[in-house]
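The chains referred to below are lettered A, B, ... by the order of the sequence lines, with proteins before strands, and numbering in each begins at 1.
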Number of protein chains: 2
Amino acid sequence: MGDDKTKQPRRRILETAITLFAQKGFDAVGVREIAKHAEVNISMISYYFEGKIGILKAIIEEFHNKYFEVISQVLSRSLTQEQVVRQLVTQIVNFIRENTNLTMVTIHSLPLDIPEIAALKTDRVNKLIDGIGELVRQYGLDPDNKGVFAIVGPAIISSILAHFRFKPVQKNILQIEFDDAFYDRYIDTLTTFFLYGLKGIIEKYQPAKGDNFENHC
Amino acid sequence: MGDDKTKQPRRRILETAITLFAQKGFDAVGVREIAKHAEVNISMISYYFEGKIGILKAIIEEFHNKYFEVISQVLSRSLTQEQVVRQLVTQIVNFIRENTNLTMVTIHSLPLDIPEIAALKTDRVNKLIDGIGELVRQYGLDPDNKGVFAIVGPAIISSILAHFRFKPVQKNILQIEFDDAFYDRYIDTLTTFFLYGLKGIIEKYQPAKGDNFENHC
DNA sequence: GTTTGGCTCAAACGATTGTTTGAATATAAA
DNA sequence: TTTATATTCAAACAATCGTTTGAGCCAAAC
């Protein structure tokens, strides 16, 4: 954190802030703390980001750019439906593992009323939903059926995120090694859970479109 | 918000803080804002709660007390497994609907490093996990198999919470009426999702214990 | 050599923060 | 009625907050 001075100051500020915001929350971290750890002067924050809120904006945009790319890659492939679910879970989990703090900061800001980033949030989430709509269509779920769409989409992404949000507390309790083996198991477990769960939903809510879903039972 | 002066000042402070914290986050809300809306003097916060952090502690404890009660009621009944899942989802969704802000503040604090509440969080989550362990055992999931337990538990509760976390953003985008009908659908959809998903997991990871799970396929 | 633009700095600013303090008021108990 | 306890108040405090400002340094361009 901030000890690699070959990086550009702007990058150092950003990465330091990502770490600190993820750990303590945006409002609990001051510009002096960020500047100190990033080894820059505090006026650099206004200079490079137009102020503290500008850091948060940059973080959220970086998250969405990266995340959207991951989703798009999976969508652009011709795979079976099971393969797509597995790929999607795998890619997302790997993405979050590599960008845990970036993800946490972004997700953490979603429910909060922060006027300066409201438009950014709406815009970015809107774009994500459009992107995922195509995936949903492939699954016999009707993206125009907003009731189901509004339920299943958030449920799935939140399931994937669950571990990472609970991890700081869970780590003290369950005495589990969160190593590669654990994450392989994580991906496999969630993929199974989703495949069966989605099959159940398609059978129940859109039986006419369930024909192209492979039978795993 | 703070306009019912028949309530005790302590209660008014607590409820006001729950609302404001849920909306903006703990650190973004100052004691003067809370006091103003609760129509009390700011020194009341130190008097009744020993300071601002004491409010957060009280909120978290209130959440856990209420939530644990909901879970316990469902666990104490002799129901089929499907009934328990349905009951649990229903009770939790209704609980969150009635205590949305209380839930949001508590869940929101989980990933953050706030030293003053670290022990409280660990203690309370530990207690919850113990309580849920009994439920898990009823489902043929082995609570001593911490890998699966650590994955499925958080995934399920996060799925249920998903809507409520995304709701502030989603509300601007999807133009859905979040009325009783929506929540009935919500409960039904998630229950279906979980039942099928759990069946898949039991078949895959604990086939020897899957005998008592009804076949929905 | 001079000018220009970009980067960095320390000091300063006005505002805000949570907590404390001692006095005043209200309530309960003797 | 008096005394003790609990509640409430406004002022004050030290610390911290994010932003700004003007100066200084450096490299590139003229």
Once the angle between the rings of B:F182 and B:Y186 is folded into 0 to 90°, is it parallel (under 30°), tilted (30 to 60°) or perpendicular (over 60°)? parallel

Separation of atom CG in B:N41 from atom P in D:dA11, rounded to whole Å: 10 Å

Of the listed nucleotides C:dT8, C:dG18, C:dT20, the one nearest the side chain of A:M44: C:dT8

When rounded to whole Å, the CD to P distance for the pair B:E116 and C:dG18 reads 13 Å

Under 4.0 Å between any heavy atoms, over every strand shown, what does B:I42 touch: base, sugar-phosphate, or nothing? Just pick one. base

From CD of A:E50 over to C1' of D:dT20, roughly how many Å is that when rounded to an integer? 14 Å

A:I45 has an atom CD1; how far is it from atom P of D:dG18, in whole Å? 8 Å

Checking C:dT17, D:dC9, C:dT8 against the side chain of B:R32 (C-beta onward), the nearest is C:dT17

With respect to the side chain of A:K52, which nucleotide from D:dG18, C:dG18, D:dT21 is positioned closest? D:dG18

Ranking A:R10 and B:F26 by the position along DNA chain C of their nearest nucleotide, the one closer to 5' is A:R10

Would you mind telling me which residue lines up with the more 5' stretch of DNA chain D, A:S46 or A:A28, judged by nearest nucleotide? A:A28

Over all strands shown, is A:Y48 touching base, sugar-phosphate only, or nothing at heavy-atom distances under 4.0 angstrom? sugar-phosphate

Can you tell me the distance, in whole Å, between the CD1 atom of B:I34 and the C1' atom of C:dT19? 14 Å

Can you measure A:E33 atom CD to C:dT17 atom C1' for me and round it to whole angstrom units? 16 Å

SB check A:E62 A:R11 (cutoff 4.0 Å): yes

Taking the six-membered ring for Trp and the full ring for Phe, Tyr or His, determine whether the centres of A:Y183 and A:H163 are under 6.0 Å apart. yes

Is any NZ, NE, NH1 or NH2 atom of the basic residue among A:K52 and A:E33 found under 4.0 Å from an Asp or Glu carboxylate oxygen of the other? no

Rounded off to whole Å, could you give me the CD1-to-P distance for the A:I55 and D:dT19 pair? 9 Å

Salt bridge (charged side-chain N to carboxylate O under 4.0 Å, His left out) evaluation trace for B:E82 with B:R86: CA-CA 6 Å; B:E82 177 177 338; B:R86 190 173 300 275; 3.4 Å; yes

OP1 or OP2 of D:dT19 versus the side-chain N and O atoms of A:Y47: is any pair under 4.0 Å? no

In whole angstrom, give the distance that lies between atom CD1 of B:I13 and atom P of C:dG18. 14 Å

